[in-house]
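One structure is given here, and the rest of the page talks about it.
We use all heavy atoms of the structure for the numbers below, so side chains are in, but hydrogens, waters and symmetry mates are not.
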Amino acid sequence: MATLSIIVLVALFAATLLPAFDLGLGALAAAFLLGLAADVATDEVTGFFPADFFVLIVGVTALFAVAHLNGTLDWLLDLLLRLVRGRLVLIVLVPFVIGAVLTAVGTLPAAATAIVSPIALGFAARYRISPLIAAVLGITGIIGGLLSPLAVYGVTARELSEKQGIALPGSAPLTFLLGGLVTGLVVCAALLVVGTRTGAVPPGRITAPPPALASDGPAAPAPADVRGGTGARALTVLCLLAVVALSVGFDMNVGYLGLTAALVLQLALRLPSGEIVSRIPWNVVLLIGGLLTYVGLMQHLGAFKQISDLLRVDGSPLLSLLVLCYIAGVTSFAASSIAVFITTMPLLPPLVADGVSPVGGVLALALASVLVDINPLGITGGLILGAAEPSARPRLFRQLLVYGLVSIPVAPLLTWLAFGWW
């Protein structure tokens with residue numbers, strides 16, 4: 001049964017190549033059928049469903065939905081755009097900063113990409129900046145904020161570590177955030193050096209603000225959006241800061257904090273509750289819930305012990321971690337990085353028991369999973385190409401494909417070298 005569960009998992013990931021296949025639904029159905037085959041009671045299979053993750057994701061994204069509805073996030077984006085004052089290098093950095101801020105406060109990567117890509121590609125077209133440089137800088141910013149205490153990825157990393165028995169120090173949330181930011185800043189600096197020296201990023205500054213700047217920013221709010229004034233923005237920022245402070249400083253549950261803050265803001269600002277609920281990414285909730293239910297059953301059957309024994313390099317847990325990072329990177333090229341991270345995390349505890357740093361191991365695995373996402377075959381690449389000028393798409397597609405293929409051998413190695421010893 002353990003071997004069969006591994007085969008089914010591979011089949012589930014392979015099925016994601018089918019346009020109509022939903023991995024979350026497939027994982028739940030597979031857990032039910034495999035449970036029947038393995039004579040595991042249905043109630044026990046249901047017990048593997050991650051109720052705590054449900055609260056975490058719904059709470060964080062509900063708070064973000066409120067911040068979007070009352071205009072606070074748009075206000076923050078406009079503030080960042082006004083700070084560049086015509087400097088072209090800083091204009092290139094705006095998508096990076098916006099991406100980092102969005103994901104750090106809890107925006108899902110796909111949603112942040114949908115906001116950042118039009119900004120980055122709009123600047124590229126307007127100022128003759130390389131579309132590849134502009135797009136990658138924006139996505140790198142998203143990766144930089146992905147492991148914050150409020151981000152879904154950061155929350156997942158901490159909660160999965162706890163579930164797998166990986167003892168993290170109290171400073172782990174801050175370390176995860178710093179690890180993501182350091183990675184983003186290093187990639188950003190390298191891109192700027194290459195861009196300025198090759199002319200992909202023109203030097204100098206503009207003497208007047210670009211026309212119709214708002215058209216390059218986030219999409220116009222939907223008719224149901226409710227824009228608040230200064231008081232609404234101040235209250236929203238205060239709630240966001242309170243959630244961060246209480247979750248990090250007092251180790252309170254960030255999911256329930258987010259739900260409570262969203263409710264307070266909804267009542268205080270009289271926002272339509274239906275709009276908040278509809279903006280919660282239920283497809284992501286289903287994906288993570290379904291996968292974790294199936295992964296829980298796999299653990300129950302002993303599948304991950306088999307995989308760990310197969311991947312282990314005798315006498316060298318660090319080399320075993322490198323192998324695991326490459327598995328995560330290669331799989332993430334065409335699959336959801338959060339799904340890959342969830343399914344590879346159960347392989348980490350034996351390596352930690354053999355001496356791998358718990359914080360470093362989680363960081364290396366998480367970043368190896370996300371750094372190969374910048375390719376045209378996934379959601380991220382599709383959103384980038386969709387935001388580009390039609391005439392630029394064929395060349396940008398080839399550039400993104402080369403970038404993604406190069407990142408497969410390079411990114412897992414670099415994350416392992418950078419964080420494996422932390």
Side-chain angles (χ1 to χ4, degrees), residues 17 88-100 102-103 109-146 180 183-203 210 216-217 326 328-337 340 367-415:
L17 297 175
L88 282 173
V89 172
L90 294 182
I91 286 176
V92 174
L93 288 176
V94 166
F96 176 90
V97 176
I98 291 175
L102 285 174
T103 50
T113 303
I115 294 173
V116 168
S117 294
I119 298 173
L121 274 300
F123 284 154
R126 193 179 301 277
Y127 302 118
R128 297 182 180 178
I129 299 166
S130 163
L132 177 67
I133 295 288
V136 173
L137 277 173
I139 305 305
T140 302
I142 290 172
I143 293 173
L146 208 55
T183 301
L185 289 172
V186 168
V187 176
C188 174
L191 286 171
L192 285 179
V193 169
V194 172
T196 52
R197 292 190 175 182
T198 60
V201 179
D216 292 326
Y326 269 109
V330 171
T331 311
S332 292
F333 184 81
S336 164
S337 59
V340 171
L367 292 171
S369 301
V370 299
L371 283 174
V372 299
D373 263 0
I374 310 175
N375 70 80
L377 304 182
I379 295 175
T380 299
L383 290 170
I384 292 172
L385 290 171
E389 293 286 331
S391 60
R393 285 173 189 166
R395 185 166 184 262
L396 183 57
F397 178 90
R398 293 191 296 271
Q399 291 175 330
L400 287 172
L401 184 60
V402 171
Y403 186 95
L405 291 173
V406 170
S407 70
I408 290 178
V410 174
L413 177 62
L414 292 182
T415 58

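- Nearest heavy-atom pair across Gly141 and Thr103 is O-OG1, 4.1 Å.
- Between Ile408 and Pro412, the closest heavy-atom pair is O-CD, 3.0 Å.
- With sequence neighbours excluded, the residues forming a side-chain contact (heavy atoms from CB on, under 4.5 Å) with Val193 are Arg197, listed by chain and number.
- Taking every heavy atom of both residues into account, Val372 and Gly329 meet most closely at CG2-O, 3.2 Å.
- Expressed to the nearest 0.5 Å, how far CD1 of Ile374 lies from CD of Gln399 amounts to 13.0 Å.
- If you take CG on Leu93 and CD1 on Ile98, they are separated by 11.0 Å, rounding to the nearest 0.5 Å.
- When all heavy atoms are compared, the tightest approach of Ser337 to Asp373 is OG-OD2, 3.0 Å.
- To the nearest 0.5 angstrom, Leu191 atom CG is 9.0 Å from Ser130 atom OG.
- Residues Pro394 and Ser391 approach most closely at CD-O, 3.7 Å, considering heavy atoms.
- Rounding to the nearest 0.5 Å places CD1 of Ile384 at 7.0 Å from CG of Leu396.
- For the pair Val187 and Ile143, the minimum side-chain heavy-atom distance is 4.5 Å or more.
- Across Thr140 and Gly184, no two heavy atoms sit closer than the pair CG2-O, 3.3 Å.
- The only option from Leu146, Thr415, Leu414 that meets the side-chain contact (heavy atoms from CB on, under 4.5 Å) definition with Leu367 turns out to be Thr415.
- Using a 4.5 Å heavy-atom cutoff, the side chains of Val116 and Phe96 are not in contact.
- Between Ile139 and Thr113, some side-chain heavy-atom pair lies under the 4.5 Å cut-off.
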